[in-house]
2 protein chains.
Amino acid sequence: MTEPSPRGGQAPTAGAAPTLQDVARLAGVSRATVSRVVNGGSLVSPETAETVNAAVRELGYQPNHAARMLVTRRSGVVAVLVPETDLRVFSDPYFAATYHGVISSFSGHEAQVVLAMSKPGEPAERLVEYLTSGRIDGAVVASHHGSDLPRALAGVSQPVVFIGDPGVPGLAYADLDNTRGAVLATQRLIQSGRRRLATVTGSLDMVAGQHRRAGFTRACAEAGITPVAIIPGSFTEASGREAARSVLSARHDIDGLFVASDLMAAGVMAELQHAGVRVPEDIAIVGFDDSEMARRVRPALTTVRGHAHEVAQEAGRMLRELLSGSTLPAPVILAPDLVLRDSA
Amino acid sequence: MTEPSPRGGQAPTAGAAPTLQDVARLAGVSRATVSRVVNGGSLVSPETAETVNAAVRELGYQPNHAARMLVTRRSGVVAVLVPETDLRVFSDPYFAATYHGVISSFSGHEAQVVLAMSKPGEPAERLVEYLTSGRIDGAVVASHHGSDLPRALAGVSQPVVFIGDPGVPGLAYADLDNTRGAVLATQRLIQSGRRRLATVTGSLDMVAGQHRRAGFTRACAEAGITPVAIIPGSFTEASGREAARSVLSARHDIDGLFVASDLMAAGVMAELQHAGVRVPEDIAIVGFDDSEMARRVRPALTTVRGHAHEVAQEAGRMLRELLSGSTLPAPVILAPDLVLRDSA
DNA sequence: CTGTTAGCGCGTTCAA
DNA sequence: TTGAACGCGCTAACAG
């Protein structure tokens, strides 16, 4: 029995990460004091704080996350949950703006913001598991389809904020007034003299898709115009190309087209131009989002500023409130506006 | 002393997550047995295993990650570390391919793969802290500039695999033969009859940038051609635009241009065409990467297939080996090939 | 202001 | 094949 309990009263083992205990020993104080210094330093005399900090530096001490998490029951991590595959997320600038918006609303705060997407074959439910696994303290959910995910998330104890009305009462969300945006876009087409109008919709299992379509039909109705066609899309560039081909083959004789996202509009334009259709001379096009795609394509896209960054920032702010104990914040709806460029 | 220790012998508290203890109680076994069942189930009789699994299901038990991590000292998470800001990461398809490649090499394995980027103002060192914080078990590092980061990472106990030669001995990496790729690109320009050649380089503090430039100069030398210009770029689209403007204003009279990445090439082409230069008639262009940009631009870009996905996959595979205890695996260098399209 | 103490939930010896 | 006991590193009462 010459061996005491492991590391009991010993110097820090070389190679092993130093612990609070090691720091305490070096500084000649108790673990609790070191803990106080490490977590803010209040309630500790300046001198001891300095002694402790010196020991921390000397040892290169880093708090053990697991141990801290075990007792505080918080991970210091929040997630942006996107029920789409990485392929889609990385190819649509909308998600970059959204992620960046949430990040910016947490800048200067301790929390780390991670991006979690669905794996190709997986059900969106895995994101719920991730949220309840204890690895994250809360989440912002973007691009949810249908209301299964919101319903599943409604029963979870971690705070969640949606981007776009989740359609389930009692949940926090930030959104853009998508209907209004589509009205603006459609009115622009009408103002520029177009009468044979059509729209390429976004995913119709998403509120954003529904509202943008609704805005289009409403603006048409208000102007006494009957839409020539309503072509289903899914917010991807490929679906835009497909929509354009269907427009061409149906020989719709359209002269104005509202496309529910810039990415789709890029696909539409590429395909139309490939077929010899001139934009805007033959068909005027208005997009939606004002993403970088709008500036990249020729002609530059007239579009609706979707404030993706700001909406996400609002969502992040609401999540912060929820995390700090606030009750359900009221939804925040931002107003879109029109960006005039060359395509309409 | 009527109160026993908290929750001792009690039913699981409503609202609190069920613990191993709760499951053990419900199944009528000890915690250790439940633990065995949850982690593989060997060394447990089939009947008790079934009883335990039933209890797990009934309670909806999820293992507490923090507690498990505290004792196993592993997090089950690996990271793709990118010392670039999210703006850059999300705007270059190269990173999507890289991330996806690493993910795919871990598919079917327990590990979760996360993407970690630098925040705008932060030094790349923060990524080292992240790696040593215990939150991840290992990492693949992509797009490192210079050798400060590799050197810092060399002293870390967690396994790390680089994409691109880190320039520090003793580190694992996967790479593309960038020099060879640049040679192929340049030879293509020469074969198509171009003699007044120039290159827009990538970041010259990255080995990929250096090697691509070296391949260009080598191919020129071998053909007895003196390069007209070597224009510095940084792999971004904006730097491509800038390079194009400098080409135009210097009136270099170039007829063949090797641009060290597709994204830059897109910027170069947009700017040249804007100035009335025809591609490939006036200036032939070869890009590098074969990213989706190469197919999106007009004319479609002749480029070098950089196999970003496969290189990343190799790096992921090497990381898996390292994590399972293997010694330093030999570097893997993939061979590029040329993709002929319309720009050269 | 500081130290002592008691767990957080789990994996893992060591005995039985 | 199973159970009892220990400790991973840390925070949060509670005493002093």
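By convention in this document, chain letters (A, B, ...) are assigned in the order of the sequence lines, proteins followed by strands, and residues within each chain are numbered from 1. As a basis for the values below, the full set of heavy atoms in this structure was taken, side chains included, without hydrogen atoms, waters or symmetry mates.
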Problem set entry | Short side-chain N/O contact from B/Thr48 to OP1 or OP2 of D/dT1, under 4.0 Å | no

Exercise. Is any side-chain heavy atom of A/Leu319 closer than 4.5 Å to a side-chain heavy atom of A/Leu323?
Worked result: yes

For this session: For the pair B/Glu58 and B/Arg25, find out whether any cationic side-chain nitrogen is under 4.0 Å from an anionic carboxylate oxygen.
Result: no

Exercise. Rounded to whole angstrom units, what separation is found between the CD atom of B/Glu47 and the C1' atom of D/dT2?
Worked result: 13 Å

Exercise. CG of A/Leu43 versus C1' of D/dA12: gap in Å, rounded?
Worked result: 12 Å

Exercise. Think B/Thr33 has a side-chain N or O under 4.0 angstrom from the OP1 or OP2 of D/dG3?
Worked result: yes

Exercise. How long is the line joining CG of B/Asn64 and P of D/dG9, in whole Å?
Worked result: 17 Å

Problem set entry | Atom pair distance, as rounded to whole Å: CG in A/Leu70 and P in C/dC8 | 9 Å

Exercise. Does a nitrogen or oxygen in the side chain of A/Arg73 sit under 4.0 Å from OP1 or OP2 of C/dG9?
Worked result: yes

Exercise. B/Phe90 pairs by ring pair (Phe, Tyr, Trp, His ring centres under 6.0 Å) with which of A/Phe90, A/Phe95, A/Tyr94?
Worked result: A/Phe90

For this session: In whole angstrom, give the distance that lies between atom CE of B/Met69 and atom C1' of D/dC10.
Result: 13 Å

For this session: Could you go through the side-chain contact (heavy atoms from CB on, under 4.5 Å) check for B/Leu153 and B/Leu171 one step at a time?
Result: CA-CA 9 Å; B/Leu153 256 24; B/Leu171 295 176; 5.6 Å; no

Problem set entry | Verdict with supporting geometry, B/Arg68 and B/Thr72, side-chain hydrogen bond (donor to acceptor under 3.5 Å, both in side chains) | CA-CA 6 Å; B/Arg68 176 178 281 184; B/Thr72 62; over 6 Å; no

Exercise. How does protein contact run along nucleotides 11-16 of chain C, one letter per nucleotide 5' to 3', with B for base contact, S for sugar-phosphate only, - for none, heavy atoms under 4.0 Å?
Worked result: BBB---

For this session: Answer yes or no: does a side-chain N or O of A/Ser30 lie under 4.0 Å from OP1 or OP2 of C/dG3?
Result: yes

Seminar exercise, completed: Between CG of B/Leu59 and C1' of C/dG9 the distance, given in whole Å, is 15 Å

Exercise. Are the side chain of A/Tyr99 and the backbone N or O of A/Ala312 linked by a donor-acceptor pair below 3.5 Å?
Worked result: no

Seminar exercise, completed: In whole angstroms, the gap separating C1' of D/dT2 from CZ of B/Arg25 amounts to 18 Å

Exercise. Going by the angle between their ring planes, with limits at 30° and 60°, are B/His309 and B/His100 parallel, tilted or perpendicular?
Worked result: tilted

